[in-house]
Amino acid sequence: MDILAELNAAQKEAVEAINGPVLILAGPGSGKTRVITHRVAYLIKVCGVSPHRIMAVTFTNKAAREMEERLNNLVSGLVRDLTLGTFHAICVRFLRNSGRAAGVDPRFVIYDRDDQLSLVKHSIQEADLDPKQYASSAIISAISSAKSRMLSPPEYLKTGRSYFDEVVGRVYEIYQRLLEESNALDFDDLLMKTVLLFRNNPEILARYQSRYVHILVDEFQDTNLVQYELIRQLGGKHRNICVVGDPDQSIYSWRFADVRNILTFENEYPDAKMVVLEENYRSTKMILDTASHIISANQQRKPVNLWTQNHEGASTVVVETYTEQEEAQFVVSEVERLVGQGEFSLGDCSVMYRTNAQSRVLEEAFVRYGMPYKLVAGTRFYERREVKDIIAYLRLIQNPHDSVSLIRVINVPQRGIGQQTQAKLAGWAKSLGVSQYEALWSMTRDATEDSEIQPPFNSHISRVLTAFSDLMEELILRSKELKLVELFDLVVERSGYKQYLQSENNWQERWENILELRAVAQKEYGDKSPAESLAAFLEEVTLVSDVDDLDESESTVTLITLHQAKGLEFPVVFIVGMEDGLLPHFRSFDDPEQMEEERRLCYVGVTRAKQKVYLVRAFRRSLMGRSTVSEPSRFLNDIPKHLISTGDWREEAESRIVPSIYSWNKPPAPTPSAMEFQAGDHVYHAQFGKGVVVSCQPVKDDAEVVIAFNGAVKKLLLSFANLEKTE
DNA sequence: CGAAAGGCTCTTTTT
DNA sequence: GAGCCTTTCG
């Protein structure tokens with residue numbers, strides 16, 4: 001197979017330029033992914049470069065997986081040795097292997113946003129600051145910003161000028177100390193510690209530098225300073241660095257990504273070859289034209305000339321509805337129409353929005369119509385309470401010093417270890433200069449007699465604490481001989497979590513989640529021992545993003561935020577909430593740079609579409625419970641009239657929908673009796689297949705059934721679900 | 001100590 | 001409108 005055969009001239013150029021730095025500016029739909037995969041394949045197959053010497057950085061794990069798949073088709077078998085993944089995943093590998101030199105214990109756990117939040121709250125308390133006065137999220141963001149610039153707490157304090165900087169500096173200092181005591185790294189640490197490791201250990205860096213002859217970075221416009229530095233370090237020897245990006249799609253500046261990295265790259269590597277990919281293979285002329293008009297209004301950009309050989313296509317549809325409920329109804333009914341005409345399938349359709357909160361009303365509409373959909377994110381699976389609880393137990397086994405996890409589960413299920421006791425324990429551990437777990441553990445030994453500081457607990461509390469310590473010791477001990485899944489089961493069993501869950505409400509659903517987590521452990525790590533798989537499993541569950549789990553082959557409508565949609569494509573795209581205040585978001589109003597980013601976000605959304613774009617807005621929308629009236633998004637003004645079709649959808653849609661099988665207002669008769677179905681009944685659903693009824697509750701003159709289908713739990717309205725009993 | 005209830009506050013986007 | 005925190009009572 002000729003690797004260059006199916007590429008256009010510019011793409012070929014980008015693939016063949018293997019010596020020296022390369023900057024590829026790739027417009028949406030210009031075959032960027034194709035270029036990267038083919039370039040890697042070309043290096044391996046044509047140039048004979050060992051995959052071991054190639055590193056490819058992607059923005060999401062999903063992108064990495066897809067690339068691996070595609071590569072397997074081009075150069076089967078050789079892909080194993082490739083260093084392929086997100087910056088974060090790759091840094092984890094470096095730190096596990098070589099982190100000791102930077103003072104990183106290789107058994108570290110990774111703290112996600114949630115863990116950060118709880119740690120920052122503790123830090124604020126420990127700094128004797130009023131937690132009500134400082135938003136933890138703002139402080140996290142400031143700390144993250146500091147780490148993106150690789151400033152340590154003292155360095156940060158030195159550069160700070162405002163009182164807020166001072167506060168952040170103090171919290172940062174404590175926060176970092178607590179992280180270290182817990183042997184934990186947050187997302188930013190993964191990057192920063194790696195760069196510091198290389199900076200302070202030239203011999204280690206030299207090893208990696210020699211190894212990586214070729215480095216590729218995707219979505220370069222969304223890299224931050226640390227990531228740039230890491231690439232600079234690793235590429236320092238061979239200088240074969242290939243970065244691919246599109247300044248018009250830079251939408252992560254709030255995460256301290258900096259488009260200027262592209263400029264810096266050009267300046268730092270003046271010999272860099274620049275390749276511009278302008279031919280779009282994805283969208284119709286109409287869509288591309290619409291998108292170009294939207295993005296052209298940005299001041300801070302270089303003009304680009306996107307073009308396509310694709311056909312003209314349909315006009316962009318702009319629609320106004322009265323409320324957000326009506327907006328959702330429009331989307332559902334329009335999807336129904338498109339699918340009914342046979343032109344598109346459900347899986348072809350996507351609905352994109354600025355904020356996660358917007359998904360709820362949409363979901364309600366989809367549920368009401370019994371139309372299958374998948375929500376990317378929502379309450380993210382790994383952020384569910386029960387899932388995090390079990391993960392916390394596993395983390396503690398891996399690393400007992402992890403204080404955030406300890407605090408999370410020490411009293412879940414309730415063991416009579418309340419706040420008072422926990423505070424005493426924390427204080428006591430601090431005075432001993434050991435982690436809380438060590439303090440606990442020392443109580444189980446009689447060594448305390450010769451200790452200066454006696455445990456400050458009465459005998460009852462002591463017994464309860466010792467019992468917990470014994471439990472963890474048992475789990476840690478058993479973890480050495482069991483398989484990962486067996487350990488998982490043991491944790492759920494011995495911690496009393498299963499029993500505890502059964503006393504909670506909607507425990508079935510939550511139990512399902514635990515089983516799903518178990519399935520991940522089972523699937524990926526089968527019967528491996530925890531020694532070889534626990535760390536990998538814990539990493540996976542912390543570093544996954546929501547798009548990672550998106551399966552586009554499934555035939556359901558996709559609900560997704562504009563940010564998450566980057567890098568995806570759909571035949572049909574609905575962008576909802578096209579209102580000033582939402583898109584652009586009002587938080588960006590007073591900052592021209594942020595406003596330009598909002599515009600890019602809109603551009604990203606439109607350019608996801610292959611065939612059809614709908615820009616939908618609601619006249620009235622409730623935000624935070626309050627009903628507000630809003631103006632159409634200013635971005636709509638930049639689309640010339642001749643590209644738009646409007647028309648009164650309402651009249652048309654009503655005449656179409658109401659008498660048909662779907663009804664907006666009343667469920668059609670006959671309404672099946674709620675009594676017909678009970679928990680445990682086996683049922684069949686035309687779309688979802690076989691399932692088991694979890695619960696069935698009457699609502700108004702209908703009933704809401706929760707059904708566990710293979711792999712997914714769905715809430716359906718009985719009158720629409722059209723269920724068949726199968727037993 | 002813990003469960004329940006009421007009151008408070010925000011809501012952008014996420015590896 | 002929901003989640004988070006505090007208060008109150010058993």
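Below, chains carry the letters A, B, ... as their sequence lines are ordered, and counting in each starts from 1. Since the model is a prediction, treat every value here as computed from it, not as a measurement.
Ion pairing of A:Arg65 with A:Glu68 is absent here, as no side-chain N (NZ or NE/NH1/NH2) approaches a carboxylate O to less than 4.0 Å. Contact check on A:Glu229 versus A:Arg232 returns a salt bridge, with a Lys/Arg side-chain nitrogen under 4.0 Å from an Asp/Glu carboxylate oxygen.
To the nearest angstrom, C1' of B:dT15 lies 17 Å from CZ of A:Phe220. One atom, CG of A:Asp114, and another, C1' of B:dT14, lie 13 Å apart when rounded to the nearest Å. If you measure from atom CD1 of A:Ile124 to atom C1' of C:dC5, you get 14 Å, rounded to the nearest angstrom. Atom CD in A:Glu324 sits about 12 Å away from atom C1' in C:dG1, given to the nearest Å. Rounded to whole Å, atom C1' of B:dT14 lies 10 Å from atom CD1 of A:Ile251. When the C1' atom of B:dT13 is taken as reference, atom CD of A:Glu597 falls 9 Å away, rounded to whole Å. Spacing between atom NZ of A:Lys147 and atom C1' of B:dT15 amounts to 14 Å, rounded to whole angstrom units. One can place CE of A:Met352 at 13 Å from P of B:dT14, the figure rounded to the nearest angstrom.
Residue-level contact check: A:Lys121 touches the backbone only, with heavy atoms under 4.0 Å from sugar-phosphate atoms and none from bases. Nucleic acid contact for A:Phe59: sugar-phosphate only, since backbone atoms but no base atoms lie under 4.0 Å from a heavy atom of the residue. At a threshold of 4.0 angstrom between heavy atoms, the contacts of A:Ser588 with the nucleic acid are absent. Across all strands, A:Asp186 comes closer than 4.0 Å to no nucleic acid atom at all (heavy-atom distances).
The phosphate of B:dT14 has OP1 or OP2 within less than 4.0 Å of a side-chain N or O from A:Gln564. Side-chain nitrogen and oxygen atoms of A:Asn411 include none within less than 4.0 Å of the OP1 or OP2 phosphate oxygen of B:dC1. A:Thr60 has no side-chain polar atom (N or O) that falls below the 4.0 Å cut-off from OP1 or OP2 of B:dT15. Within the structure, every side-chain polar atom (N or O) of A:Asn61 is placed at least 4.0 Å from both OP1 and OP2 of B:dT15.
Comparing A:His585 and A:Ile461 by the nucleotide of DNA chain B whose heavy atom lies nearest to each, the residue mapping closer to the 5' end is A:Ile461. Annotation: of the two residues near DNA chain B, A:Phe187 and A:Gln422, the 5′-most nearest-nucleotide partner is A:Gln422.
Here A:Trp254 counts as stacked on B:dT13: its ring centre is under 5.5 angstrom from the base ring centre and the planes meet at under 30°.
Listed nucleotides B:dT13, B:dT15, B:dC1 differ in distance to A:Thr421; the shortest reach to its side chain belongs to B:dC1. When the nucleotides C:dG1, B:dT15, B:dT14 are ranked by their closest atom to the side chain of A:Asn356, B:dT14 comes out on top.
Note that A:Arg395 lies outside the cation-pi zone of A:Tyr111, set by a 6.0 Å cut-off to the ring centre and a 45° limit from the axis. Under the 6.0 Å distance and 45° angle rule, A:Arg608 does not count as a cation-pi partner of A:Phe574.
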- request: Take A:His563 and A:Ile251 through the side chain to side chain contact (heavy atoms under 4.5 Å, CB included) test and state the conclusion after the steps.
  value: CA-CA 7 Å; A:His563 280 90; A:Ile251 53 175; 3.8 Å; yes

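Atoms CZ and OG1, on A:Arg415 and A:Thr421 in that order, are 13.5 Å from each other to the nearest 0.5 Å.
The partner of C:dG10 is B:dC1, judged by Watson-Crick or G-U wobble contacts that both fall below 3.5 Å.
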